[in-house]
Enquirer: 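Before I ask anything, here is the structure I am working with.
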Amino acid sequence: MSWLGMAGFSLLAAWLGGNLADSATPPRDCASGPAHAALTIYSTTDTAVFAPVLADFRRLHPDLPVCYVELEAAPLYHRFLRESGTGTPRADVLFSSAMDLQVKLVNDGFAMPHVSANASALPGWARWRDEAFGLTLEPAVMVFNQAAMHGQPLPRSRPALLELLKSDPVRWAGRIGTYDIEKSSVGYLLASQDARQGNEYGALLEGFGAARIRLAQRTSALLDRLERGELAIGYNLLGSYARNRIAAGAKLTIVYPQDYTLALARTVVLPRDAPHPAAAHQFLEYLLSLRGQHKLTENGMPAIRAGTDGAQARLGVGDTQVGLLRPIALGPGLLVYLDRQKRERLLASWRAALQ
């Protein structure tokens, strides 16, 4: 059944009552106490990045209180499971860049469907079973500190990056950074997709190990180190965050790898046991709408829907600069590397190379 056929949203909004604050910055965690009589969103997107989108939704629905809870991807997943398992569901919307964990929730029966014309407007790779919806297109890029790379040609592919690291091991030792895939769910997702692309991943890992690669859990932490000059190179970082830094004046350069450019999607799942299902559908429909997609793009989260704007605005780069763009498709293929044995093999290869 389409959510449009569900009755009661206006009654729910009236029952919740209360006006929202004018501030664009939502609370860090308001999923308990009186404030829980509201739409509660668990999200991996930085609060400051998502706040203008949430403020726009509030303008459309001023009488609906909203709680925005920012979490890392794995804690978000486990918190949701813990609360559902104890019969105390809190989240109405799960918004995560860990596409594989979102797909697992759908596969394990935790999601409810959402059917609408706006949902159908997404490309096929960005929706699965009408229960998981990719809303943004996030290329994974290489980022360079301009001063550190002065006089050096920028590598524009993984083989070229590997050659650069080999050309002067002393110079680049400790100067490249990426996700710690044992702690970052997004990092693990990207590493698993790298591993599926071909045999070059093993050589790349060995090169990272020889260069004493530095690790962090979040793109923002790696960008901080790049801005300070502690790192010269960042690998597999989310391009939207890097573009926001550059727009704010950071002396960084983005390269979309020409051998292939992975692109993940921030993905929404609506829990089957959401406390406020009608409000959850209303929020997802806003994000899927052209208005919501425009607002995401305006705030550095490139939208997926065709018709939102041109490819350059969505990606922040001309089509000719992106090599073999490979969106990561939502679907059962993402469950492969969540298998315990496959995960352990991938992590064992990672540890052996970096040691």
Side-chain angles (χ1 to χ4, degrees), residues 97-98 138-146 148-149 152-169 171-243 245-246 250-264 315-317 321-326 328 346-347 349-355:
S97 46
E138 295 283 354
V141 301
M142 297 188 288
V143 182
F144 299 91
N145 177 288
Q146 293 176 0
M149 299 302 296
Q152 292 283 331
L154 294 182
R156 300 194 173 274
S157 66
R158 289 166 183 80
L161 175 61
L162 188 54
E163 286 302 313
L164 177 74
L165 297 178
K166 289 179 178 178
S167 68
D168 194 342
R171 175 172 183 168
W172 303 115
R175 303 298 306 284
I176 180 171
T178 193
Y179 285 111
D180 184 342
I181 73 168
E182 297 195 69
K183 297 179 180 178
S184 166
S185 297
V186 174
Y188 180 80
L189 170 65
L190 292 171
S192 69
Q193 295 300 306
D194 271 340
R196 297 182 73 173
Q197 301 304 317
N199 297 325
E200 293 181 352
Y201 184 61
L204 189 65
L205 280 187
E206 291 179 7
F208 287 166
R212 302 204 307 273
I213 194 166
R214 302 293 182 86
L215 305 176
Q217 285 187 249
R218 298 179 69 95
T219 287
S220 55
L222 291 162
L223 290 172
D224 288 342
R225 296 180 188 179
L226 282 162
E227 279 199 72
R228 293 194 296 264
E230 297 170 13
L231 297 177
I233 306 165
Y235 176 76
N236 259 3
L237 308 191
L238 295 185
S240 61
Y241 285 98
R243 286 196 304 276
R245 293 292 183 102
I246 292 170
K251 303 300 183 183
L252 304 174
T253 298
I254 296 172
V255 168
Y256 294 77
Q258 304 253 322
D259 47 338
Y260 65 87
T261 299
L262 292 173
L264 59 81
L315 294 176
V317 68
Q321 294 172 267
V322 181
L324 294 174
L325 185 65
R326 294 182 182 174
I328 301 171
L346 182 62
L347 291 179
S349 297
W350 168 266
R351 296 182 194 116
L354 269 57
Q355 287 173 358

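Side chains are part of it too, since the values below use all heavy atoms of this structure and drop only hydrogens, waters and symmetry mates.
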Enquirer: With a 4.5 Å heavy-atom cut-off, do Met149 and Pro155 have their side chains touching?
Expert: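 Yes, side chains in contact.
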Enquirer: Check the pair Val141, Asn236 against side-chain contact (heavy atoms from CB on, under 4.5 Å), reporting the backbone distance first and the verdict last.
Expert: CA-CA 5 Å; Val141 301; Asn236 259 3; over 6 Å; no
Enquirer: If you measure from the Lys or Arg side-chain nitrogens to the Asp or Glu carboxylate oxygens, is any gap between Asp259 and Arg326 under 4.0 Å?
Expert: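 No.
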Enquirer: Who are the side-chain contact (heavy atoms from CB on, under 4.5 Å) partners of Gln146, not counting sequence neighbours?
Expert: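 Gln146 satisfies side-chain contact (heavy atoms from CB on, under 4.5 Å) with Lys251, Thr253 once adjacent residues are dropped.
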Enquirer: Do the side chains of Asp224 and Arg245 get nearer than 4.5 Å, heavy atoms only?
Expert: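 A side-chain contact exists here, since the closest heavy-atom pair is under 4.5 Å.
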Enquirer: Do Tyr201 and Ser349 have side chains that get closer than 4.5 Å, going by heavy atoms?
Expert: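 A side-chain contact under 4.5 Å is absent here.
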Enquirer: Scan side-chain atoms only and decide if Ser184 and Gln217 contain a donor-acceptor pair under the 3.5 Å cut-off.
Expert: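 Result is no, nothing qualifies.
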Enquirer: Have a look at Thr219 and tell me which of Leu238, Thr178, Val186 forms a side-chain contact (heavy atoms from CB on, under 4.5 Å) with it.
Expert: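 It is Leu238, the one option of Leu238, Thr178, Val186 that forms the side-chain contact (heavy atoms from CB on, under 4.5 Å) with Thr219.
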Enquirer: Taking the six-membered ring for Trp, are Tyr179 and Tyr188 closer than 6.0 Å centroid to centroid?
Expert: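 Distance test on ring centres: not under 6.0 Å, no.
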Enquirer: Would you call Arg175 and Glu230 a salt bridge, using N to O less than 4.0 angstrom?
Expert: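 A salt bridge is absent here (no side-chain N lies under 4.0 Å from a carboxylate O).
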Enquirer: Would you kindly check if the NZ (Lys) or CZ (Arg) of Arg158 is within the cone defined by 45 degrees around the ring axis of Tyr260 and under 6.0 Å from the six-membered ring centre?
Expert: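 Judged by the rule (NZ or CZ under 6.0 Å from the ring centre, within 45° of its axis), Arg158 counts as positioned above Tyr260.
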Enquirer: Does Phe144 reach the side chain of Val255, with side-chain heavy atoms less than 4.5 Å apart?
Expert: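 In short, these two side chains touch, coming nearer than 4.5 Å.
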Enquirer: Can you name the residues that form a salt bridge (Lys or Arg N to Asp or Glu O under 4.0 Å) with Arg156, not counting sequence neighbours?
Expert: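 In terms of salt bridge (Lys or Arg N to Asp or Glu O under 4.0 Å), with neighbours along the sequence ignored, Arg156 is linked to no residue.
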Enquirer: Could you walk me through whether Phe208 and Leu161 pass the side-chain contact (heavy atoms from CB on, under 4.5 Å) check?
Expert: CA-CA 10 Å; Phe208 287 166; Leu161 175 61; 4.2 Å; yes
